[in-house]
Structures are given as C-alpha cells and as structure tokens.
Amino acid sequence: MTTPAHHPETLSIPVPRDYLLHRDACSYGYFLLAPNHWNPHTLSLHRTFTLDNQPVKGLIWQGPRPAFSTVPIRSIPRGSSLTVALESTLSDAQRRELSDQVHRMLNLHEDHTVVRSFHRADPRFKASGRARLFRSPTLFEDVIKTVTSCNVAWPSTIIMNKRLCEVVGEGGAFPTSAQLARTRVATLRARCSVGYRDQRLIDLAKLFYTNQIDEAHLTNPKTTDDEVLDFLIELPGIGPYAAANILQLLGRYSHLPLDTESVRHGRTILGFKGSSAQIMKKVKAHFAPMRQHTFRSYWFEMWEFYEAKRGKSWTWDRETTGKTFTASALKDEGLGPKKPKPAKRRGSSN
DNA sequence: GGTAGACCTGGACGC
DNA sequence: GCGTCCAGGTCTACC
C-alpha cells in the first residue's frame, strides 16, 4: 500500500452524519472492480481517477490516517470527514472534479433523511445502517462495467475491468469514453477478454464521447424512471437487466435488474417454486411494495446473504474473497432454504 | 409478443 | 494436458 506520507495533496470531504466509509463503499460489487482497490486491513479505497484527462492516483479513508497495521472499526467515528490523498498536486478545476466524482461514487448527496426514509420502508436494515450503494465516479464507467457483468461469471467481469484499465486506460485509470471510442475492436477482444462485447463497448463509448447520452436528463427528477429505462434499453449491449441495473446506478431504485442471481435468491432464500421466468415474476412482485426503495430492499437482502457466507464485505479482498461472493460461486456450499424474516411492507398492498 | 439459437470466455469436469 | 460441457444476458430471426 502507498502511504499517505507520499501524497503531496490532500482533500477533506465532509459526509452525512451517519456515514461510514467501510460500510457504504463496500455495498455493491463494483468496489471490487478495477481501478478500485479496497484495502480490507486499512479500510481505505485506492483508485486512479481521471481529472482533466490526467490519471491521478488517490487514496480515500475516514477517520485517523491508515497505517500498515489493521485499522479497528471502532476507531472510525461515524460521520467523520473523508480524506482523499493524491499523488500529485491538483488545479482548482481538478479539485472540484475530484470532489464531484467522489460524491457520485460514494453517494454522499444521500443524507440521513434519505437513509431514514429507506429504513422506515424496510426496518431490517436500520441496525446495520445499510442504505447507500457504491457506484462509479462517472455514469460512463457504470454503463461499461454493467456490460462487462452481463452473460459472464463474476471472475470474468473482474478480468475485463482489470484489462480495460491496463490496456485502454492511461496510468491504470478506467478508460475515458474518448480512449475507448478509438480502441480497435480486435484489441479489445484479444487483450481485454471482452469477447463479443467488443463492438458494443466501442459503440457505447462513441455515444458518450459525442454527447448523445444526456446525463442531466437521465438524472433530472422530472424525468420518470420508465422514461429513463426506455432510453437505456435502446443502447447497444443494454437489455432489460442492464437497463434496470444502470437505473439503480443513476440513483433510481424502483426497478429490479432480474438475472440468474435473482432466480437463485428467489428459489433458495425466498422459497419460490416454478420456472426461472415464474420465479423472476414472483421476486419482482415480492419487492414491488417497496416502491422507490425496491432495489435497496432486494439488494441488501442478497448482500446480507453473501456476508453470511463470506464475512462482512469490508473484509473481502479483491484477489480472494472478492472473486467468490456471488451465489453461483456459493451454490455448492449448502444453500439452505432458510427464509429470512420478511420485510415489513408499506405502501401498496398489491 | 414469445422463443430458439448464436454470441464468447473461463472454469469445471472427465479422460 | 486436452477436449467437452456449461453458465451468463443480449440480439436477431422466426413463428
């Protein structure tokens, strides 16, 4: 690990009063994908950002400075500011850009009132405080990561993202839309192991690079979730699952990205019977009463299952535990039909 | 609108 | 070590 002493520039970022970095960053699988590197011993997140088209290595921690030894959870005061330490000095514009990216990645704009609203809807997660979901510093990275997670086992997604950073990105950063748009199809397939996704990834990068994806419109509260979903599903390589996943990565939690993981969860944990299609419908109906919190309720129920098998997510290592947390990797480890206490439902009784 | 088959890769498995 | 099979979501052609 790089020590903070080698960082000439540090930023302090205030967070919501209930915020805990180890809990709220390690809340979605993307925290395990390059260029993100979570250190489970020092409870800090290392990643190379792209600021004003320059790769800048950064380290994020909460509370006291991380040392080489293990940091005890109790030493981190809830809601204490984050420190972002960088390996090079930044311009004012780069500092603002970095702050925006960290806010998006860690969902820092979701204050305790948003969290409380979710916990009123699903009190099962009040004690742990789970509510915020990790995502990427940019929508472009989230879209590309989602495509690399489709029709593939999780370890392959890890490989694709690692190679995209090594081969296409500069200085270990995630590729920019410009870099990916000008990459040859054959390079992507041969060196990044993306398979048939090669052309689709380049087409998506071109759409972002030529400003044909209006992020402001997609995040505008006046735009409905269904309108966003309809737009996303028209993009190359984006089907119903990917569109719903990007929807949640846009901070819209009303829909479920239903995949084989959902079917396994429905079958083994919720006890649903029937074909995969029938189980997907039942899972969808099961969580629908959560309305705008549907995905959070679904996701944290699954996340708790993963943690029951693999330990708390902030103890996962990218190279070991982080490769095996999905249900497909756990399927031979005695998935019982043990049914969790059902969530208290609010809203519609449909 | 629903469905079958192709698309790739890496891991599991059998020999 | 090698060959075969399988899992995974999207896309296209077809009914």
Side-chain angles (χ1 to χ4, degrees), chain A residues 28-30 32-34 136 140-168 180 183-208 213 226 228-250 255-269 274-284 295 298-299 302 305-306 309-310 318-335:
Chain A
Y28 191 67
Y30 289 4
L32 295 161
L33 298 179
S136 301
F140 171 67
E141 185 176 333
D142 272 339
V143 169
I144 299 300
K145 277 183 157 57
T146 297
V147 174
T148 67
S149 75
C150 290
N151 196 30
V152 77
W154 181 247
S156 295
T157 302
I158 293 176
I159 290 169
M160 283 185 238
N161 280 275
K162 186 167 178 278
R163 295 200 183 144
L164 282 171
C165 295
E166 289 168 354
V167 175
V168 185
L180 189 54
T183 305
R184 290 172 57 221
V185 176
T187 303
L188 273 191
R189 184 172 293 215
R191 298 182 62 196
C192 301
S193 299
V194 301
Y196 65 88
R197 300 164 194 80
D198 50 7
Q199 187 64 59
R200 296 172 193 177
L201 291 174
I202 290 170
D203 290 345
L204 281 166
K206 284 177 179 168
L207 288 172
F208 273 92
I213 312 283
D226 286 334
V228 175
L229 208 57
D230 289 345
F231 172 78
L232 293 172
I233 213 158
E234 292 300 319
L235 298 176
I238 307 297
Y241 163 80
N245 197 54
I246 296 166
L247 196 71
Q248 68 88 4
L249 291 163
L250 281 162
H255 288 62
L256 291 184
L258 294 163
D259 60 359
T260 51
E261 206 82 350
S262 323
V263 174
R264 259 186 223 101
H265 188 77
R267 193 170 276 146
T268 61
I269 303 300
S275 66
S276 292
Q278 289 169 329
I279 289 176
M280 280 192 189
K281 280 184 184 172
K282 288 176 183 177
V283 170
K284 187 180 175 185
F295 180 77
Y298 160 84
W299 182 255
M302 291 225 295
F305 164 75
Y306 300 146
K309 294 284 182 183
R310 285 288 181 265
R318 188 171 79 174
E319 303 304 323
T320 54
T321 336
K323 288 184 177 172
T324 64
F325 79 89
T326 59
S328 59
L330 294 165
K331 66 183 176 186
D332 296 326
E333 298 182 21
L335 291 183

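Because only heavy atoms are used, hydrogens play no part in the values below, and waters and symmetry mates are left out as well, while side chains stay in. All chains are named by letter (A, B, ...) in the order of the sequence lines, taking the proteins before the strands, and each is independently numbered beginning at 1.
Atom pair A/Leu201:CG and B/dT9:P shows a separation of 13 Å (rounding to whole Å applied). At whole-Å resolution of the value, CE in A/Met160 and C1' in B/dG10 are 10 Å apart. Put simply, CD1 on A/Ile159 is 19 Å from P on C/dA7, counting in whole angstrom units. Going from atom CG of A/Asn161 over to atom C1' of B/dT9 covers 15 Å, rounded to whole Å. Atom CZ of A/Arg197 and atom P of C/dG9 are 11 Å apart (whole Å). Look at CG on A/Leu164: it is 14 Å from C1' on B/dT9, rounded to the nearest Å. Between A/Trp154 atom CH2 and C/dG9 atom P there is a gap of 13 Å when expressed in whole angstrom units. For the pair A/Asp203 CG and C/dC11 P, the computed distance is 11 Å after rounding to whole Å.
For the pair A/Thr260 and C/dG9, the criterion of a side-chain N or O lying under 4.0 Å from OP1 or OP2 is met.
Side-chain atoms of A/Ser136 and A/Tyr28 include no donor-acceptor pair closer than 3.5 Å. For the residue pair A/Glu261 / A/Tyr306, a side-chain donor-acceptor distance below 3.5 Å is found, with atom types taken as modelled.
Taken from OG1 in A/Thr183 to CG in A/Leu188, the straight-line distance is 5.5 Å, to the nearest 0.5 Å. Between the CD atom in A/Gln278 and the CZ atom in A/Arg267 there is a gap of 9.5 Å [rounded to 0.5 Å]. Annotation: the span from A/Trp154 atom CH2 to A/Leu33 atom CG amounts to 4.0 Å, rounded to 0.5 Å.
Listed candidates were C/dT10, B/dC8, B/dG10. Nearest to the side chain of A/Arg200 is C/dT10. Across B/dG10, C/dG9, B/dT9, the shortest atom-to-atom separation from the side chain of A/Arg163 is found for B/dG10. Nearest to the side-chain atoms of A/Ser193 among the listed nucleotides B/dT9, B/dC7, C/dT10 stands B/dT9. Nearest to the side chain of A/Arg189, among C/dT10, B/dG10, B/dC8, sits B/dC8.
Residue contacts shown for A/Leu258 are absent, as no nucleic acid heavy atom lies under 4.0 Å away. Using a 4.0 Å heavy-atom cutoff across all strands shown, A/Pro236 reaches sugar-phosphate atoms only and no base atom.
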